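Data first, discussion second: the structure below is written as structure tokens.
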Amino acid sequence: MLHIVNKSPFDRNSLQSCLRLAQPNDAILMYEDGIYAAFKGTVIENDIQTTLSKCKMYVLKPDFEARGMNEGNVIPGIQSVSYSEFVDLTVQYSPVQAWL
Amino acid sequence: MLHIVNKSPFDRNSLQSCLRLAQPNDAILMYEDGIYAAFKGTVIENDIQTTLSKCKMYVLKPDFEARGMNEGNVIPGIQSVSYSEFVDLTVQYSPVQAWL
Amino acid sequence: MEESGAIKKFMYLNRKAPYGTIYALESLEVVLIGAAFDQEVSLAFVDDGVYQLKKDQKTTVNSGIGMKDFSKTYRALEDYDIDKLYVEKRSMEARGLREEDFIVPVQIIDSAQLSALMAQQDVILSF
Amino acid sequence: MEESGAIKKFMYLNRKAPYGTIYALESLEVVLIGAAFDQEVSLAFVDDGVYQLKKDQKTTVNSGIGMKDFSKTYRALEDYDIDKLYVEKRSMEARGLREEDFIVPVQIIDSAQLSALMAQQDVILSF
Amino acid sequence: MKFGILVNEGPYQHQASDSAYHFTKAALEKGHEIFRVFFYHDGVNNGTRLTVPPQDDRNVINRWSELAKQYNLDLVVCIAAAQRRGILDENEAKRQGKDAYNLADGFRISGLGQLIEAGIQSDRLIVFGD
Amino acid sequence: MKFGILVNEGPYQHQASDSAYHFTKAALEKGHEIFRVFFYHDGVNNGTRLTVPPQDDRNVINRWSELAKQYNLDLVVCIAAAQRRGILDENEAKRQGKDAYNLADGFRISGLGQLIEAGIQSDRLIVFGD
């Protein structure tokens with residue numbers, strides 16, 4: 001199953017609920033304001049590290065570049081993807097749950 | 001100063017930021033989905049209790065009645081108000097900060 | 001009825017409180033329309049979504065907040081053979097709610113059970 | 001210029017990230033229009049609002065997310081004599097940001113200082 | 001006392017416009033003055049006359065129009081935000097080469113300066129949004 | 001693979017419609033089929049032809065219309081949600097006694113059953129919202 005998260009983890013509870021309900025081997029894609037969870041040095045970096053040991057995590061590149069973030073600061077283990085690869089993820093996994 | 005909070009404390013960070021930045025003797029009004037912070041038995045009840053020792057807290061009655069809550073379950077010390085009393089609070093305090 | 005084929009599993013995952021936004025009401029409208037289709041339907045109430053089922057909601061177009069109370073519609077779901085209503089225990093407890101606070105009978109499930117249910121779905125409509 | 005009278009203190013309190021919603025952009029549009037009025041203006045960046053000032057934003061109408069990068073406009077504020085830009089330290093640190101990450105010079109203040117500033121305002125426009 | 005009201009969300013999706021309406025009405029009934037209600041962001045969508053809400057629901061737009069009539073309220077829709085979202089009056093429609101317009105009765109379209117002015121002229125500016 | 005797309009927010013205020021557009025375009029360019037794009041909640045506001053965005057900004061509505069034309073997309077606006085928010089086509093305007101309508105090129109108005117059908121007929125249903 002694929003979880004897609006578009007909300008900042010500092011503003012909303014969406015990512016928190018996603019992490020609580022994601023199962024091992026699920027994939028999680030962060031996009032829109034959700035991308036802020038994917039960077040080093042934040043207060044939630046540990047939660048992300050923990051999740052990486054059971055789930056695959058992805059972050060949408062056009063969204064994080066728009067917001068002034070760059071690949072070098074993405075937490076290692078999170079994979080940066082394009083819109084095209086976002087589509088691939090929805091093909092690969094089912095169902096897709098949008099944590100709005 | 002009057003703080004008005006319309007977001008659920010479980011969904012957003014608005015109340016949390018309000019509580020961090022409210023000064024002693026400020027007033028806080030909870031309305032719309034913000035009313036959920038005003039009730040007994042939730043995981044944030046302690047934060048509200050702490051705030052009550054420095055700030056006045058109010059909750060909008062039509063909003064909590066719509067949502068199936070009742071006066072009897074409001075945390076003691078929080079005062080239930082009408083729209084008319086909401087207006088009075090904005091007259092009494094200045095400025096008014098909406099934590100959207 | 002739509003053309004047949006495999007019966008699909010649809011889950012409506014409700015995470016938002018009623019009235020502050022319209023999602024709860026308009027989600028329910030989808031559920032009711034969807035009932036005419038031959039699908040396997042379940043509703044899950046998670047996070048602030050559990051508030052949608054709170055008993056004793058009191059508002060009308062001419063009183064309170066000026067919106068009609070639509071919570072009684074959840075009671076009608078049974079007539080549409082929609083009887084799989086799940087509430088996540090943790091969401092309920094964090095908000096100080098108990099099973100008897102809900103307007104309709106629900107199954108209280110833990111997070112692991114909810115995860116498992118979600119994984120079985122063909123479609124999750126999240127509101 | 002509007003009719004005179006006491007100079008009022010306006011604070012624009014920005015709490016939302018850019019691009020995901022339009023509030024940051026449209027808040028900035030108010031600030032620019034407001035600059036024509038004779039008021040004492042300050043901007044505060046709190047919570048996800050601090051992301052509005054992040055350097056190196058990269059998007060255009062024809063690339064990236066298909067929206068123009070409006071972050072350079074913050075640099076123009078100086079030309080309008082708007083130079084009171086405050087960033088709450090705690091919000092910045094929680095997000096792993098440092099002073100040098102911002103596109104314009106700002107004053108980093110602690111929560112108590114921000115509270116005091118807010119209390120002095122006549123109007124707080126919160127976005 | 002003199003109030004300015006800012007509404008940042010459209011009708012129905014969020015409660016903001018409802019809360020702003022009930023607040024405004026309560027203030028007027030207590031004898032306060034409403035200097036202006038300014039509609040910004042998606043709030044401009046409160047200014048369309050094309051809505052047809054269900055019969056058993058409130059009519060958010062008409063309610064504003066009627067309150068404006070009763071109390072001679074100044075309901076101002078931000079022009080820049082309105083253009084982005086498709087709210088036009090007859091003049092704007094002509095100017096932009098559009099073949100239809102949708103502004104509701106009792107609303108007018110104007111610039112952001114009207115919001116700043118509301119902040120200056122009012123004793124309190126109250127923001128309703130998401 | 002066959003996709004259904006659900007868009008729950010209007011243009012400009014939230015990124016949802018932008019993300020849905022970029023996703024849809026990427027899927028089409030990879031050779032996937034888009035069974036339908038359904039606009040619900042404030043998403044119906046993507047279906048107005050009256051927007052006039054700033055010249056240096058994207059035109060969210062035209063972009064959808066053009067993609068629809070290029071790929072023969074089915075863009076469906078929910079009728080109930082559209083009535084609440086003031087989005088009408090010519091027929092609906094007549095039926096409701098309104099003197100104007102605003103539906104954009106390439107969109108059609110229909111019922112919620114079309115969303116369910118998209119869920120049934122598509123291999124994946126992807127939701128974009130707030």
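Numbered from 1 within each chain, the chains take letters A, B, ... in sequence-line order. Owing to the predicted nature of the structure, the values given are computational and were not obtained by experimental measurement.
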Determine whether more than 12 heavy atoms belonging to other residues, nucleotides or ligands lie under 6.0 Å from atom CG of D:D79.
-> yes
For residues D:Y19 and D:F70, establish whether the separation of their ring centroids is below 6.0 Å.
-> yes
Is it the side chain or the backbone of D:L125 that comes within 4.5 Å of chain B heavy atoms, both, or neither?
-> neither
Of the listed residues (D:L13, D:V123, D:D48), which shares the most heavy-atom pairs with chain B below a 4.5 Å separation?
-> D:L13
Between D:M118 and chain B, which part of the residue has a heavy atom less than 4.5 Å away: side chain, backbone, both or neither?
-> both
Would you mind checking which part of D:K16 comes under 4.5 Å of any heavy atom in chain B, side chain (CB onward), backbone (N, CA, C, O), both or neither?
-> side chain
Where does D:E88 contact chain B at under 4.5 Å (heavy atoms): side chain, backbone, both or neither?
-> side chain
4.5 Å side-chain heavy-atom contact, D:F45 and D:L85 = yes
More than 12 heavy atoms from other groups under 6.0 Å of CD on B:E85 | yes
Are any of the side-chain heavy atoms of D:R90 and D:D110 separated by less than 4.5 Å?
-> no
